[in-house]
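Contents: one structure, followed by commentary.
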Protein chains: 2
Amino acid sequence: MENKSVETQENILIAARTIFAQKGLAGARMQEIADRAGINKALLHYYYRNKEKLFEQVFDEALKKMLRPIAAFLADDSDLFQKIRNICRHYHEVLVEYPFLPNFVINEINSDPTRILKLFDAEGFLEGREKTIIQINEAVKSGMIRPIDPRELILNIISLSIFPFAGRPVIKEILYKNENIYEILKERADRVSDFIIQSIKI
Amino acid sequence: MENKSVETQENILIAARTIFAQKGLAGARMQEIADRAGINKALLHYYYRNKEKLFEQVFDEALKKMLRPIAAFLADDSDLFQKIRNICRHYHEVLVEYPFLPNFVINEINSDPTRILKLFDAEGFLEGREKTIIQINEAVKSGMIRPIDPRELILNIISLSIFPFAGRPVIKEILYKNENIYEILKERADRVSDFIIQSIKI
DNA sequence: CTACTTTTTAACCATTTGGTTAAAAAATAT
DNA sequence: ATATTTTTTAACCAAATGGTTAAAAAGTAG
């Protein structure tokens with residue numbers, strides 16, 4: 001009996017991910033989520049008190065899955081180039097699974113900035129960031145890489161990894177029409193790190 | 001008399017830009033737009049028949065301002081590196097003025113992909129793209145730049161230029177807290193093109 | 001002053017939507 | 001078989017919202 005219940009809840013979450021991703025929090029309809037999960041609205045509210053709670057669960061879950069390993073990579077002791085490769089690869093892996101995540105973050109940070117930032121904090125992202133900034137500065141000083149502001153390098157890594165997923169529908173139409181964009185993006189991970197490393201290495 | 005009318009309509013557009021940018025099409029409220037424009041809802045509907053029409057006007061106007069010059073840069077005869085510099089600079093200039101544009105495009109392409117793509121077409125973006133792809137391939141063949149898939153290079157340029165604006169609220173919090181992010185992004189244009197050129201040049 | 005346009009007011013409507021309720025039905029466990 | 005949990009049905013509610021209407025008021029031009 002419990003199986004069925006768990007299965008239904010899982011179906012709800014899967015449906016919610018899709019709908020929230022397509023329409024955002026405001027645009028999503030509880031009825032549509034229920035339909036897609038193959039249940040009715042009453043049951044949907046039976047398991048998830050309201051729209052906000054449902055959204056929060058879907059959102060927090062996905063964001064944690066993204067941030068926790070990134071924080072770990074930032075904090076570990078591998079050398080800079082390896083770190084860049086790890087991070088790019090992880091971004092691409094998770095985003096192939098949760099391609100809606102960037103839009104979630106981008107859209108919802110406007111409505112409640114603090115909640116998202118708390119998640120960054122909780123997942124240890126900020127400490128890892130400090131450590132990596134120091135590491136980049138040292139790499140510059142030791143002549144391993146060209147002079148670059150650490151935050152700018154981080155921003156470039158993030159931009160190259162995330163934007164193609166955030167803008168995926170447009171990208172697909174203007175650059176990769178009639179191709180499997182997910183395949184292309186998945187394969188891109190290592191080329192992105194090469195592109196970055198090529199730019200900074202001496 | 002006409003002045004007042006035009007001024008009111010302009011106020012509406014300014015207000016609409018802000019609200020649509022913050023809340024998206026679904027999340028925006030006509031009442032809120034009216035309030036921000038300093039008028040009432042009846043007058044808002046008097047000038048713009050309905051929400052969709054208003055959104056369309058705001059959106060199309062901004063996207064054209066973005067695309068038309070990009071198309072021109074892609075189509076002109078300057079050498080590849082100069083082209084990259086022109087494009088990065090233009091993206092940054094327009095996006096400082098319309099920072100909401102990327103989110104607009106990203107969000108609304110889901111609801112009606114064809115309308116946006118028509119705009120790309122109409123603004124001559126696609127022809128410029130073809131010409132630039134050929135140019136990149138030739139630059140590779142002539143040994144001017146490292147081997148790279150032209151579409152991937154274009155994607156990297158777009159990602160580095162646009163993502164920082166799309167993700168601006170998050171970026172600001174995790175990297176540039178307490179700083180003027182617009183100033184930082186504006187200054188970034190030339191460093192972005194340097195980063196790209198450094199990566200591909202031989 | 002008169003004619004015309006712009007703006008306001010305020011009530012009003014239809015629809016959508018999130019959410020509830022309560023009872024019946026189905027499924028499952030013991 | 002009985003008790004418990006899960007699911008459905010269907011009606012219902014309150015609030016929000018896009019949009020309308022019509023008449024009055026204010027502003028403007030000739």
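Keep in mind the model is a prediction, meaning the values are calculated, not measured. Naming: A, B, ... by sequence-line order, numbering from 1 per chain.
- Only B/K41, B/A42, B/H45, listed by number, bring a heavy atom of residues 33-45 of chain B to less than 4.0 angstrom from any atom of DNA chain D.
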Please set out all donor-acceptor pairs under 3.5 angstrom arising from side-chain atoms of residues 129-137 of chain A, sequence neighbours excluded.
residue	atom	partner	partner atom	Å
A/R129	NH1	B/I174	O	2.4
A/K131	NZ	A/A75	O	2.7
A/K131	NZ	A/D77	OD1	2.7
A/T132	OG1	A/L74	O	3.0
A/T132	OG1	A/G128	O	3.0
A/Q135	OE1	A/K83	NZ	2.7
A/Q135	NE2	A/S78	O	3.0

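- Atom CD in B/E7 sits roughly 15 Å away from atom C1' in D/dT28 (whole-Å rounding).
- In this structure, B/Q31 places its CD atom 15 Å from C1' of C/dC12, rounding to the nearest Å.
- A ring-ring contact (aromatic ring centres under 6.0 Å, His included) check over residues 22-42 of chain B, counting only residues at least two apart or in different chains, returns nothing.
- Listed by first and then second residue, the ring-ring contact (aromatic ring centres under 6.0 Å, His included) pairs that reach into residues 152-187 of chain A are A/H92-A/F165, sequence neighbours excluded.
- The side chain of A/T8 places an N or O atom within less than 4.0 Å of a non-bridging phosphate oxygen (OP1 or OP2) of D/dT7.
- Residue A/Y47 has a polar side-chain atom (N or O) positioned under 4.0 Å from OP1 or OP2 of D/dT7.
- Applying the salt bridge (Lys or Arg N to Asp or Glu O under 4.0 Å) definition to pairs two or more places apart or across chains, those involving residues 87-96 of chain B are B/R89-B/D190.
- Listed nucleotides D/dT6, C/dT7, D/dG19 differ in distance to A/Y46; the shortest reach to its side chain belongs to D/dT6.
- OP1 or OP2 of D/dG18 has at least one side-chain nitrogen or oxygen of B/R29 nearer than 4.0 Å.
- A search for side-chain hydrogen bond (donor to acceptor under 3.5 Å, both in side chains) contacts involving A/S142 returns nothing, not counting sequence neighbours.
- One atom, CD of A/E52, and another, P of C/dT17, lie 15 Å apart when rounded to the nearest Å.
- With a 4.5 Å cut-off on side-chain heavy atoms, A/F195 and B/I200 count as touching.
- Remark: P of D/dT5 and CD of A/Q9 are 15 Å apart, rounded to the nearest angstrom.
- Heavy atoms of B/A28 sit under 4.0 angstrom from primed sugar atoms or phosphate atoms, though from no base atom.
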